[in-house]
Amino acid sequence: MQERLRLYLDLIRWDRPAGWLLLLWPTLAALWLAARGFPGWHLIIVFTLGTILMRSAGCCINDVADREFDRHVKRTANRPITSGRISVREALGVGGVLALVSFLLVLTTNWLTVLWSIPALAVTILYPYTKRFFSIPQAVLGMAFSMGLPMAYAAVQNQIPPVVWWMLLANLCWVLAYDTEYAMVDRDDDLKIGIKTSAITFGRFDVAAIMAFYLAHKAIWWTIFWQHADLGATLATPGWRHAAWLLTLLLALAQVGWHYLLIRTRERGPCFLAFRQNHWVGFVVFLGALALA
């Protein structure tokens, strides 16, 4: 029983929390902005647990879809499904249970949030299969990883205001940036087995594209913060909010510079490190929302 549990935890990447943190930080930022402050423990618990559960379910779906490809990639060849230690049926069962529990959590909110959970699940299932025909599947992943943003506003305000679409665009740019870093790690293997990724599509412009996506992500989020806190109206009398906005922006831009230093040589190790450390990028976004909500 303990051995089976260890396999399930390996299947859902339990020892790699950076994956669900990538989804959690922007979702919490949206919750804080939607509520203009603390959104309440109920919503924090629902969205935190829901994020962890859906990311784990997504890992099950992804590994089932990629099981034939993963056996040809050194980094993924020993995953539980690919190595035969967990069957496809068993993995789908685990993913289904996790998704069901997440849906039960959503049912404690409101019907608009429940309705948004349907396309969220659909795009999660769709994403792994887009690697076969779409030249930038990371864009579909960006959609899947951004669904928590409209759901957060739906849960708090029971509506989706226009600012959410800008948040979705910002988050899409961020996912394109960090998952292209991730794709750079496996580019040689992916070329051999025929998987399509943004790292292959962008080619020699991969680093430039990543930097552009990071900068677009910062520009959109910090414009949202500026407008949300109405800083322009109080520009003549700078206060702590201006200082917080500027400090978090500088931290964000410093992260962009650090990522450039890591990926500019396109070496596998530094590119993988850049990807793994992206949860700190999301954390700075959350800090901005926390300070300026």
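Computed from heavy atoms alone, side chains included, the values below leave out hydrogens, waters and symmetry copies. All residue numbers refer to positions in the sequence shown, counting from 1.
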*Evaluate the criterion side-chain contact (heavy atoms from CB on, under 4.5 Å) for residue pair Leu33 and Met167; output intermediate values, then yes/no.*
CA-CA 11 Å; Leu33 293 178; Met167 290 181 181; 3.5 Å; yes
*Can you check side-chain contact (heavy atoms from CB on, under 4.5 Å) on Leu49 and Met54, steps first, answer last?*
CA-CA 9 Å; Leu49 291 180; Met54 280 308 298; over 6 Å; no
*asked:* side-chain contact (heavy atoms from CB on, under 4.5 Å), that's the test. Do Tyr8 and Ile86 meet it? Break it down for me.
replied: CA-CA 8 Å; Tyr8 292 158; Ile86 291 181; 3.8 Å; yes
*Start with the C-alpha gap between Trp226 and His242, add the side-chain angles, then the distance that decides, and say whether side-chain contact (heavy atoms from CB on, under 4.5 Å) holds.*
CA-CA 9 Å; Trp226 182 275; His242 291 92; 4.2 Å; yes
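Taking the six-membered ring where the residue is Trp, Tyr182 and Phe272 present parallel rings, their angle staying beneath 30° rather than reaching 60°.
Side-chain contact, Thr223 with Trp166: no donor N or O sits under 3.5 Å from an acceptor N or O.
Annotation: Trp280, atom CH2; neighbour count of heavy atoms from other residues, nucleotides and ligands within 6.0 Å does not exceed 12. The environment of Tyr260 atom OH is sparse: at most 12 non-hydrogen atoms of other residues, nucleotides or ligands sit within 6.0 angstrom. Counting non-hydrogen atoms of neighbouring residues, nucleotides and ligands closer than 6.0 angstrom, the CZ atom of Arg85 exceeds 12 such neighbours.
Separation of the Phe225 and Trp245 ring centroids does not fall under the 6.0 Å cut-off. The distance between the ring centers of Trp32 and Phe286 falls below 6.0 angstrom.
From Leu121, atom CG reaches atom CG of Leu126 across 11.0 Å, with rounding to the nearest 0.5 Å.
Alongside Leu191, the hydrophobic cluster contains Ile200 (criterion: ILVMFWY side chains under 4.5 Å).
Applying the ring-ring contact (aromatic ring centres under 6.0 Å, His included) test to every pair with at least one member in residues 41-66, sequence neighbours left out, gives these pairs: Phe38-Trp41. Residue pairs satisfying the side-chain hydrogen bond (donor to acceptor under 3.5 Å, both in side chains) criterion with at least one member in residues 113-129, sequence neighbours excluded, are listed as follows: Asn110-Thr113.
At a threshold of 4.5 Å between side-chain heavy atoms, the hydrophobic network of Ile, Leu, Val, Met, Phe, Trp and Tyr places Ile125 and Ile81 in two separate groups.
Remark: of the listed residues Arg264, Gln277, Glu181, Glu181 is the sole one forming a side chain to side chain donor-acceptor pair (under 3.5 Å) with His259.
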